[in-house]
Amino acid sequence: MLKMNRDRATRWIAKPLVFLLCLMPVGWLLVGLADLTGVAQWPAASLGANPVDKIQDTLGIWGLRLLLATLAVTPLRELAGWPRLIAFRRMLGLFAFFYLSMHFLWYLLADQGLDWRLWLEDIAKRPYITVGFTALVLLMPLAVTSTKRAMRRMGRRWQRLHRLIYPAAMLGCTHFYWQVKADIREPLMYVLVLAALLGWRLYRYRQRAGRGRAEQYSRQDQNPAGARLPVEPLTE
């Protein structure tokens with residue numbers, strides 16, 4: 001009964017709350033646009049002297065934050081003993097893709113005027129745009145296959161495919177770091193967070209591999225004859 005109540009609380013309270021929290025940045029931008037166009041007066045939501053760059057930067061930064069939050073679910077789940085955190089991973093990942101897609105589309109609309117030739121020239125001239133777009137491309141198949149049906153149909157291939165989140169996150173941090181020209185403290189902080197998350201995964205992988213080898217050696221010690229069974233030739 002207690003487990004059922006916790007599951008219901010996660011589904012009907014915690015998940016809607018996290019959903020609304022993830023919508024807050026884009027909601028703030030919409031309020032800022034309303035203030036900018038004179039539809040409503042919200043001085044607290046002012047987008048500053050350069051609203052175009054402010055919108056683009058906000059979308060990109062929150063996309064990267066949510067991507068790192070997605071990667072943090074598994075470590076927090078194990079270290080803090082919160083197994084229900086897994087229920088939020090897909091939501092966080094899809095919101096990360098949403099914000100990064102909006103970041104790219106706003107760049108195409110406001111900066112490039114939807115001119116694909118200008119965009120291709122920009123990619124050739126600016127490496128940070130190249131790595132940023134590559135990160136978005138890597139995330140596309142993850143978003144498409146985020147459903148439970150895709151997980152069941154793909155089996156182990158689904159896990160291998162969704163490891164693309166690691167290079168995507170690295171490229172995203174690189175994109176942010178290369179874009180900043182003066183104060184690198186914020187992008188450097190994201191780089192360090194990503195390094196910690198990937199370092200934890202490497203540690204856990206080596207730990208599991210070590211246990212697997214130890215179990216294999218233990219089985220061989222218990223049954224040394226069976227561990228060296230002769231291979232019979234195939235009959236003609």
Side-chain angles (χ1 to χ4, degrees), residues 19-71 91-146 164-194:
F19 186 90
L20 291 175
L21 289 174
C22 290
L23 281 177
M24 284 183 65
V26 74
W28 179 81
L29 291 177
L30 291 174
V31 172
L33 283 173
D35 177 70
L36 185 67
T37 56
V39 175
Q41 296 299 318
W42 296 91
S46 174
L47 297 176
N50 194 340
V52 172
D53 286 351
K54 182 65 174 180
I55 292 172
Q56 185 171 327
D57 292 344
T58 300
L59 292 170
I61 288 173
W62 275 102
L64 183 57
R65 288 173 179 173
L66 288 168
L67 193 63
L68 294 177
T70 306
L71 287 172
M91 183 193 303
L92 293 172
L94 288 175
F95 265 112
F97 180 73
F98 165 74
Y99 276 100
L100 294 174
S101 299
M102 292 300 102
H103 173 70
F104 173 68
L105 291 175
W106 183 262
Y107 156 76
L108 279 182
L109 175 64
D111 193 81
Q112 303 297 304
L114 294 178
D115 190 327
W116 291 92
R117 290 173 299 179
L118 288 177
W119 173 61
L120 291 174
E121 291 175 2
D122 221 15
I123 281 186
K125 291 188 299 183
R126 302 181 181 180
Y128 76 88
I129 295 180
T130 307
V131 299
F133 179 68
T134 304
L136 182 62
V137 170
L138 292 178
L139 291 174
M140 287 180 182
L142 277 62
V144 172
T145 59
S146 63
L164 289 176
I165 192 174
Y166 305 142
M170 288 188 281
L171 291 173
C173 288
T174 304
H175 167 77
F176 188 24
Y177 187 87
W178 283 355
Q179 183 184 6
V180 175
K181 298 180 177 62
D183 191 352
I184 63 169
R185 286 176 295 179
E186 186 176 4
L188 184 60
M189 179 181 66
Y190 295 148
V191 169
L192 294 175
V193 170
L194 178 61

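The structure displayed is predicted, hence computed values, not measured ones. The basis for the numbers below is simple: all heavy atoms, side chains too, and nothing from hydrogens, waters or symmetry mates.
- Here the straight-line distance linking atom CD1 of I129 with atom CG of L120 works out to 11.0 Å at 0.5 Å rounding.
- For the atom pair L67 CG and L100 CG, the distance stands at 6.5 Å (nearest 0.5 Å).
- Atom OH of Y166 sits about 14.0 Å away from atom CG of L138, to the nearest 0.5 Å.
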*Evaluate the criterion side chain to side chain contact (heavy atoms under 4.5 Å, CB included) for residue pair W119 and L108; output intermediate values, then yes/no.*
CA-CA 7 Å; W119 173 61; L108 279 182; 3.7 Å; yes
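- For Y190 and Y177, the gap between ring centers reaches or exceeds 6.0 Å.
- E186 has its side chain within reach of F176: a pair of non-hydrogen atoms, C-beta onward, lies under 4.5 Å apart.
- The two residues P187 and V180 make their nearest non-hydrogen contact at CG-CG2, 3.9 Å.
- Taken from CZ in F133 to OG1 in T130, the straight-line distance is 10.0 Å, to the nearest 0.5 Å.
- To the nearest 0.5 Å, the span separating CG on L21 from CZ on F95 amounts to 10.0 Å.
- Here L94 contributes atom CG and L139 contributes atom CG; the two are 10.5 Å apart, rounded to the nearest 0.5 Å.
- Between A96 and G63, the shortest heavy-atom distance links the atoms CB-O, 3.6 Å.
- Using a distance-only test at 3.5 Å, with no hydrogens or angles considered, a donor-acceptor pair links the side chain of W106 to the main chain of V52.
- Shortest non-hydrogen contact noted between L66 and Y99 is CD1-CD1, 3.5 Å.
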*Under the side chain to side chain contact (heavy atoms under 4.5 Å, CB included) criterion, do L47 and W28 qualify, and how do the steps go?*
CA-CA 9 Å; L47 297 176; W28 179 81; 3.8 Å; yes
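- Aromatic ring pairs are classed by plane angle as parallel below 30°, tilted from 30° to 60° and perpendicular above 60°; the pair H175 and H103 is perpendicular.
- At least one side-chain heavy atom of L33 sits under 4.5 Å from a side-chain heavy atom of I55.
- When all heavy atoms of L92 and A69 are compared, the pair lying nearest together is CD1-O, 4.1 Å.
- The heavy-atom pair separating A135 from A168 by the smallest distance is CB-O, 3.5 Å.
- Annotation: side chain of Q179 is in contact with side chain of D57 (closest heavy-atom distance under 4.5 Å).
- Looking at V137, T134, L136 one by one, the single match for side-chain contact (heavy atoms from CB on, under 4.5 Å) with L171 turns out to be T134.
- Between the side chains of Q112 and D122, at least one donor N or O sits under 3.5 Å from an acceptor N or O.
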